[in-house]
K.L.:
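The structure that follows is given in the form of structure tokens.
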Protein chains: 2
Amino acid sequence: MSAGGGRVRIYDVASRAGVSVATASKALNDTGRMTEDTRQRVKAAATELGFRPNAMARGLIQKRSFTIGLLTNDTYGRFTLPVMAGISEALVDQGVSVFLCGIEDDPALGRVHLDAMLDKQVDGIIASGKRIDRRLPVDLSNLPVPVVYAFTEGHEGSVTLVSDDFQGSAEAVEHLIALGCKRIVHVTGPETFASVKERTKAYRAGIGGDGVVLYGAWSEHWGHEAVAQLWQQGETPDAIFCGNDQIARGVVDALRERGVKVPADVSVVGFDNWEIVAGQTRPPLTSVDMNLKALGREAGRLVLELAEGKPVEPGVRKLPCQLVIRESCGGNAAVTESRGGVVAAVD
Amino acid sequence: MSAGGGRVRIYDVASRAGVSVATASKALNDTGRMTEDTRQRVKAAATELGFRPNAMARGLIQKRSFTIGLLTNDTYGRFTLPVMAGISEALVDQGVSVFLCGIEDDPALGRVHLDAMLDKQVDGIIASGKRIDRRLPVDLSNLPVPVVYAFTEGHEGSVTLVSDDFQGSAEAVEHLIALGCKRIVHVTGPETFASVKERTKAYRAGIGGDGVVLYGAWSEHWGHEAVAQLWQQGETPDAIFCGNDQIARGVVDALRERGVKVPADVSVVGFDNWEIVAGQTRPPLTSVDMNLKALGREAGRLVLELAEGKPVEPGVRKLPCQLVIRESCGGNAAVTESRGGVVAAVD
DNA sequence: CTCCTCTGAGAAACCGTTTTCTCGTGCAGA
DNA sequence: TCTGCACGAGAAAACGGTTTCTCAGAGGAG
């Protein structure tokens, strides 16, 4: 059936149903006044013909394109992809499609993409990045369409969504404490990152003291090195809370190479729950998931509300993280599906 | 300047330049006949006002949306992201934007996204996937717009782009042979994958015999296991060509744990050149890059040509892979930047 | 029986461009 | 001087829908 695709116009539907275009339009959109019989006749004709309204024509008059733009500088996609998936999920059944624009860190490229999207009359823009305390290299503060920031820093008075690093880290540390760990250290990324500061703060609050915090790169290599430092100084923790999964993987590998058993001797927690890293580590990593997909869903929902003129309170919203239990902490980690792991009980 | 964004219409430009809309349109598009002076006056007015034409109005009449859709089931984005980057790169300066639609493996979801894109009058569609010998769960064979397949199986008579697994694998094996390796084995993924068959064929052609081929999962775990099998059977190769980087990483880790030196005792080559795996392995992996970004660029270029009505010869096109040298093979691998590595001289 | 209101449906304007026609003018050729 | 043509520019028709307006007729109230 309906093999044609986009060829049939509302005019065809109208004439088949024996009504005017005006009536046809109203019938299909469930607006206007007419006999229920007429409405059904039009709808039937539309289905038979496989009619699909031309979104450009409709958008032109309605001043809505049912399109939003996602601007990101996270070329790698590690953060953007889950966000994108969430956005798409939230919008697809509203008939909204998403333009994905990867602008490295190039202001000119950003401008080009932005202009292209504005020309296409996007209903809104979601800005996303790879770092919560950095802005995209393009100014989005005086646009004719609403903007929502997801996982990147927004402008004054904007709507911004980030994950709650403090809460996520707190849960991780609490989990370790609940398992009986007494000497927990924190191996994390560069001190300049806001997320590093936030996670460190939660770590300190959790253990109720200064603890031991080692700053370094976001790499497996640094994980190795940190373990070397710790064992060299004779400080042997019984748990290591890591700033991300790559560091955690380096830590776990280094421990194994030293003959230290994970989780028997030392428990390890990662951050990001990046399946490809957390899942492939031996043993698989317990890790904090930032729920980026949920964050994307929320961003999609919000930008749509703004586009529809509904009021949305500006400000930064922190969305909760979730601890995903695998095997690197021992304790009650009974089950371990290869994907996703087990979500920690919240209470 | 031009703070408004999308508000100023061609009508405003025309009246400021003291001409009719018709003339304004022709002036801006460098069509029609008029004094050079008039043309410049209109252009000047447009710049001053920051005029940007409404793409919907333009598209409505021109029957072009300057928009294409990317349909993929590669949720993870490992393959799709580089392809996407290439497409975007090829199209952005033509003013074309890209809809990204992630349809898991859900036919219904695929249909919804596809319809949404067609409604929006996309000029063409690029289908992409995570496997070269599988189709997307949605039929794209009788669409009113051109379709190009990139890294996924296309329909009869379609334009399809894939990477040249044979050539890439051949280069890898040649590289090992050139380094003096005599006993090369191949540890790869499930035999059912077309790419596995192709890479195996190239491996056998390269060593001029049946060789040793171990099939398994695409995982680090399988890399470990394969090494265990090889060393248990007393067969100790001096080189291992792996079906992907994850397997290679498992292999390298397993070798290290056995005290076998890489690359001194055994050379290892991966496939995919997935930075996050290949770069973090110790030592960093020499690996075959499928040039997915170039593949994306080509896909973008082709779909645009088709959209413009230019003839494009149907069929499967294989794009060359590239061997990226890092440290896991020794030999002439002198330099090793952390990112990208060194491209093998093609000779 | 008349007047008013309410209902169903169509005519026409509109969205912001592009494109095709049409038309007046000036200049060259006869 | 008259004809024709090229040229510059504007009027108007598209594109494919939505929305506002208008209107004829039915039915109820007085």
Side-chain angles (χ1 to χ4, degrees), chain A residues 4-43 45-46 49-67 95 116 118-123 144, chain B residues 4-43 45-46 49-67 95 116 118-123 144:
Chain A
R7 302 300 96 193
V8 30
R9 303 170 318 243
I10 198 173
Y11 174 85
D12 304 317
V13 175
S15 72
R16 167 179 265 245
V19 298
S20 69
V21 258
T23 304
S25 173
K26 284 179 286 199
L28 296 173
N29 294 305
D30 282 320
T31 60
R33 292 180 313 207
M34 73 197 63
T35 328
E36 187 53 28
D37 170 65
T38 307
R39 203 182 286 282
Q40 290 310 326
R41 214 170 61 245
V42 173
K43 285 187 175 178
L49 263 44
F51 169 71
R52 308 225 91 219
N54 180 324
M56 302 190 115
R58 160 181 283 179
L60 189 54
I61 190 166
Q62 286 188 160
K63 298 186 179 313
R64 284 233 17 219
S65 62
F66 288 89
T67 281
L118 291 175
D119 289 353
K120 277 153 196 148
Q121 312 292 112
V122 289
D123 298 333
Chain B
R7 301 299 96 194
V8 31
R9 304 168 319 238
I10 199 172
Y11 174 84
D12 305 315
V13 176
S15 71
R16 166 178 265 247
V19 298
S20 68
V21 263
T23 305
S25 173
K26 283 178 287 199
L28 296 173
N29 294 305
D30 282 320
T31 59
R33 293 180 312 204
M34 72 197 64
T35 326
E36 187 54 27
D37 171 65
T38 306
R39 202 180 287 280
Q40 290 309 326
R41 216 170 58 244
V42 173
K43 285 187 175 176
L49 265 44
F51 170 71
R52 308 224 92 221
N54 180 324
M56 299 188 120
R58 160 181 284 178
L60 188 54
I61 189 166
Q62 285 187 162
K63 298 186 180 315
R64 285 252 346 238
S65 62
F66 288 89
T67 281
L118 291 176
D119 289 354
K120 278 156 195 144
Q121 312 291 113
V122 289
D123 298 333

K.L.:
Go through D:dG17, D:dA9, C:dT19 for me and flag the one nearest to the B:Q62 side chain.
P.N.:
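Comparing D:dG17, D:dA9, C:dT19 against the side chain of B:Q62, the answer is C:dT19.
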
K.L.:
Find the distance B:D30:CG to C:dT19:C1' and express it as a whole number of Å.
P.N.:
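The distance from CG of B:D30 to C1' of C:dT19 comes to 16 Å, rounded to the nearest Å.
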
K.L.:
Hey, does A:T67 have a side-chain heavy atom less than 4.5 Å from the side chain of A:K120?
P.N.:
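A:K120 does not reach A:T67 side chain to side chain.
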
K.L.:
Are A:R41 and A:D37 close enough for a salt bridge, meaning some N to O gap below 4.0 Å?
P.N.:
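Answer for the salt bridge query: yes.
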
K.L.:
Please state how far atom CG in A:L28 lies from atom P in D:dG17, giving the value in whole angstrom units.
P.N.:
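Those two atoms, CG and P, are 10 Å apart.
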
K.L.:
Within less than 4.0 Å of OP1 or OP2 of C:dA9, is there a side-chain N or O belonging to A:S20?
P.N.:
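No, outside the criterion.
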
K.L.:
Between P on D:dC15 and CG on B:D119, what's the gap in Å once rounded to a whole number?
P.N.:
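To the nearest whole Å, that distance equals 19 Å.
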
K.L.:
Is the distance from OP1 or OP2 of C:dT18 to the nearest side-chain N or O of B:T31 less than 4.0 Å?
P.N.:
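For B:T31, the contact criterion (side-chain N or O under 4.0 Å from OP1 or OP2 of C:dT18) is not met.
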
K.L.:
Assuming nearest nucleotide by heavy-atom distance, tell me which of B:I61 and B:A22 is located more 5' along DNA chain D.
P.N.:
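Final value for this comparison: B:A22.
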
K.L.:
Against A:S25, only a single residue in A:V21, A:N29, A:L28, A:T23 fulfils side chain to side chain contact (heavy atoms under 4.5 Å, CB included); can you say which?
P.N.:
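Result for side chain to side chain contact (heavy atoms under 4.5 Å, CB included) with A:S25: A:N29.
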
K.L.:
If I take atom CD in residue A:Q121 and atom C1' in nucleotide C:dC15, what distance separates them, rounded to the nearest angstrom?
P.N.:
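About 11 Å, once rounded to whole Å.
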
K.L.:
Is the phosphate of C:dG8 approached by A:T38 (side-chain N or O, under 4.0 Å from OP1 or OP2)?
P.N.:
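Checking C:dG8 against A:T38, no side-chain N or O comes under 4.0 Å of OP1 or OP2.
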
K.L.:
Could you check whether B:S25 gets within reach of a base, just the sugar-phosphate, or nothing at all, counting any heavy atom under 4.0 Å?
P.N.:
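Base contact - B:S25 has a heavy atom under 4.0 Å of at least one base atom.
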
K.L.:
Among B:T38, B:D30, B:V13, which residue satisfies the side chain to side chain contact (heavy atoms under 4.5 Å, CB included) criterion with B:K43?
P.N.:
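Considering B:T38, B:D30, B:V13, a side chain to side chain contact (heavy atoms under 4.5 Å, CB included) with B:K43 is found only for B:D30.
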
K.L.:
Please tell me which of the listed nucleotides, C:dG16, D:dG17, C:dG10, lies nearest to the side chain of A:R58?
P.N.:
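Selected nucleotide: D:dG17.
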
K.L.:
Measure the distance from OH on B:Y11 to P on C:dT18 and round it to the nearest whole Å.
P.N.:
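Interatomic distance, OH of B:Y11 to P of C:dT18: 17 Å.
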
K.L.:
Under 4.0 Å, heavy atoms only, any strand: does B:R33 hit a base, just the sugar-phosphate, or nothing?
P.N.:
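Base contact - B:R33 has a heavy atom under 4.0 Å of at least one base atom.
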
K.L.:
In whole angstrom, give the distance that lies between atom CG of A:N54 and atom C1' of D:dG16.
P.N.:
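These atoms are roughly 6 Å apart.
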
K.L.:
CZ/B:R7 to CG/B:N54 distance, rounded to the nearest 0.5 angstrom?
P.N.:
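Rounded to the nearest 0.5 Å, the CZ-CG separation comes to 9.0 Å.
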
K.L.:
Tell me: NZ of A:K120 to P of C:dC15, nearest whole Å?
P.N.:
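Answer to the nearest Å: 23 Å.
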
K.L.:
Is the phosphate of C:dG8 approached by A:K26 (side-chain N or O, under 4.0 Å from OP1 or OP2)?
P.N.:
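No, outside the criterion.
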
K.L.:
Quick one: B:I10 CD1 to C:dT19 C1', roughly how many Å, whole number?
P.N.:
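Those two atoms, CD1 and C1', are 12 Å apart.
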
